[in-house]
Structures are given as structure tokens and as C-alpha cells.
Amino acid sequence: LTLAPVIPNVIAECTGGGAATVTFADPTVTADCLPLGPVVSTPPSGSVFNLGTNVVTAWVTDARGVSNNVTFLVTVLDTTAPDIIACAPATNVLADANCLGTTPDLTGLVLATDGCDSGPLLITQSPTTGTLLSLGAHPVTLTVTDPSGNFSNCVTTVTVIDLTAPVVMFWPTNRTLSVGAGCDLLVPDLTGEVVATDNCSPTNITQSPLAGTVVSYGVIPVTVTVTDQYGNFTNNVTSLTVVDTSDPSLTCPADVVVNR
């Protein structure tokens, strides 16, 4: 009484729950005495087999009560990469005092599934969380790996932006100025008196009214603005008090001679 498996080893792809439903043909039987009983496989064809290698034993008994068995393997593989349903969205981070941004943890924002579902998915990212990035847009690759080592990835963007206004150490001071001969005054250039710094870029200093603007008596507010390359700014108002400090000039008439 001899059994021989039709398919020595059966290979199937995992379909869910870390397993697969596998069907196979019963082994063939040759014998010198008939009739034969049915071939009984344990586990039977159509059973659910776990991920990995599973042993199936097939038994048959002839009319004399003589039994024999054979074993073969059912191997369930997971060769399918996880499916990324949604990658992490693009993200902005603020530059710090050194004009660097910190890469956030984006792994929790990835939505993914796995067909085999044999265990939790591992989600990683590169650059890793906490990596310092320079100003601008940077690609971040997110990788989803299943317990069998299959993986998929997606790419999102982290953009480091500068929203920090320049820091001013010294503004022009308020002052009192005298009008000239025409009873007016030209607004002085105050921008050169500003001492400022910015964490990311050079600064541009402007004023309003512009230097050279003609003004008259009174208190003239001059707004001085320091702006960085990314549009962040800070400003201050310097007051110019315009006064007339010139004494009036008096022209006396010529002497008058009166005859009696």
C-alpha cells in the first residue's frame, strides 16, 4: 500500500489574519488489494493554514486493514507589500533662533493596511524625528513595513518657514530740530541709526516720511521699519519736534529829521 502526494509541496499567498485557505489534491494511492478506504488528510483540503510551513498528513487503509500515511508541506507566504491609503500631509514648521526647524514625527499620520494582517505594521521616516532642517522645503520619506519584511513608502514635505521678526537693539531717539531760513525742515535719514539683527536673513530698513521730505512746525512722527527677507517686520515711531529757534529780525527805518 503506497501513497504518493500529487503536489509534494503546496505554496499559497497569505490572504488575511496571518493565514490563507488552501485547497489541494489528495495524494494518489497504489495497492495490491482492493477495495480501499478514502484518503483522509489532516488538516483537510480547504482548511485555514497559518503563515509559514504547515505539515499535512494523509492516511489510507486497504481492505485488509493495512494503513499507510504520507506527509507533505503547505507553505503560506506573505509577499505582498502593505497598502498606503494616505500619506502624512505636507507640514510647516517654524525656524528657531538659529534658523533651523525640527523634523516632526509624521509616522502617526500615515494610514496603511496589510492584506496578510499577520501583525502590527512598522512605520518609520527619514529624516528621523528631531532632525534639524534648514529653511525651505524638505522631502520626508515614510516607510510602512509588515512583519514579513514587505514594505511600501510615500513621500511628503516638511517646510521650514521663518515667521520671526527682526530684533532691534537700538532705535533712533526722539529729537528737537530747528527749521531753516524758509521756515521748513528736511526730514533727516534715520535708518542709519538703527541697530538690528535677524535669525535668518539680512534686513532692510526704511522710514516714512522718507528722508528729504519737507515738513513744517510741530511734532512729526517718523515710522522706521526693519523687514527681513521673508516679510517679517518690526517698527517704531520716532518723534521729530520741529521748532523755530531764530530770533525775529528787525529793520529800523532811517532817521527822520523834523524842522521847527
Side-chain angles (χ1 to χ4, degrees), residues 82-113 120-145 151-177 186-215 218-242:
D83 181 26
I84 297 178
I85 299 171
C87 196
T91 304
N92 292 336
V93 297
L94 297 181
D96 61 15
N98 297 314
C99 203
L100 296 173
T102 302
T103 304
D105 184 356
L106 301 176
T107 58
L109 302 178
V110 178
L111 181 60
T113 61
L121 298 174
L122 175 65
I123 303 178
T124 57
Q125 70 179 59
S126 177
T128 57
T129 303
T131 300
L132 294 178
L133 303 173
S134 60
L135 212 61
H138 301 268
V140 176
T141 301
L142 293 128
T143 302
V144 182
T145 306
F151 65 90
S152 298
N153 54 43
C154 64
V155 178
T156 189
T157 301
V158 172
T159 302
V160 181
I161 59 175
D162 174 22
L163 294 181
T164 303
V167 175
V168 177
M169 285 78 75
F170 186 82
W171 291 105
T173 57
N174 297 334
R175 64 202 64 187
T176 299
L177 300 173
L186 299 181
V187 173
D189 184 355
L190 302 179
T191 59
E193 301 178 23
V194 177
V195 178
T197 185
D198 187 72
N199 62 327
C200 285
S201 66
T203 58
N204 181 49
I205 304 173
T206 59
Q207 70 178 62
S208 178
L210 296 174
T213 300
V214 178
V215 295
V219 178
I220 309 300
V222 178
T223 301
V224 180
T225 303
V226 182
T227 307
D228 69 15
Q229 182 179 334
Y230 301 98
N232 306 299
F233 67 91
T234 185
N235 55 33
N236 186 65
V237 175
T238 296
S239 294
L240 303 181
T241 301
V242 182

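Being a predicted model, the structure only gives us computed values, none of them experimental. One is the number of the first residue; the rest follow in order along the sequence.
Between Asn174 and Ser239 the shortest heavy-atom distance is OD1-N, 2.8 Å. The two residues Val155 and Pro139 make their nearest non-hydrogen contact at CG1-CB, 3.9 Å. Heavy atoms only, all atoms of each residue included: Phe151 and Thr145 are closest at CB-OG1, 3.6 Å. Annotation for Thr238 and Pro172: closest pair OG1-O, 2.9 Å, computed over non-hydrogen atoms. Scanning both residues, Leu210 and Thr213, for their nearest heavy atoms gives O-OG1, 2.8 Å. The two residues Val219 and Pro221 have their closest heavy-atom pair at O-CD, 3.5 Å.
Between Thr102 and Leu133, the closest side-chain pair of non-hydrogen atoms is not below 4.5 Å. Between Arg175 and Leu240, the closest side-chain pair of non-hydrogen atoms falls below 4.5 Å. No side-chain heavy atom of Thr143 sits less than 4.5 Å from a side-chain heavy atom of Ser126. Two residues are said to be in side-chain contact when any heavy atoms from C-beta on lie closer than 4.5 Å; Val222 and Pro209 meet this criterion. Looking at Leu106 and Pro104, their side chains come closer than 4.5 Å, going by heavy atoms from C-beta outward. Inter-residue side-chain proximity for Val224 and Ile205 is flagged as met; some heavy-atom pair is nearer than 4.5 Å. At a threshold of 4.5 Å between non-hydrogen side-chain atoms, the residues Leu186 and Val214 count as touching. Between Thr129 and Thr103, every side-chain heavy-atom pair lies at or beyond the 4.5 Å cut-off.
Panel note: side chain Gln229, backbone Ser201; no donor-acceptor pair is recorded below 3.5 Å. Between the side chain of Asp228 and the backbone N or O of Tyr230 there is at least one donor-acceptor pair closer than 3.5 Å. In this structure, the side chain of Gln207 engages the main chain of Pro188 through a donor-acceptor pair within 3.5 Å. Although no hydrogens or angles enter the test, the distance criterion places no donor-acceptor pair under 3.5 Å between the side chain of Thr225 and the main chain of Thr206. In this structure, the side chain of Asp162 does not engage the main chain of Cys99 through any donor-acceptor pair within 3.5 Å. Asp198 places no side-chain N or O within 3.5 Å of a backbone atom of Pro202 that could act as its donor or acceptor partner. At least one donor-acceptor pair closer than 3.5 Å links the side chain of Thr156 to the backbone N or O of Pro89.
Remark: Ile85 CD1 to Cys154 SG distance equals 11.5 Å, nearest 0.5 Å. We find the CG-CD1 distance between Leu142 and Ile84 to be 7.5 Å, quoted to the nearest 0.5 Å. Rounding to the nearest 0.5 Å places CG of Leu121 at 12.0 Å from OG1 of Thr107. How far OG1 of Thr159 is from CG of Leu94: 11.5 Å, rounded to the nearest 0.5 Å.
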Determine whether Thr227 and Asn232 satisfy the following criterion, side chain to side chain contact (heavy atoms under 4.5 Å, CB included), listing intermediate values before the conclusion.
CA-CA 6 Å; Thr227 307; Asn232 306 299; over 6 Å; no
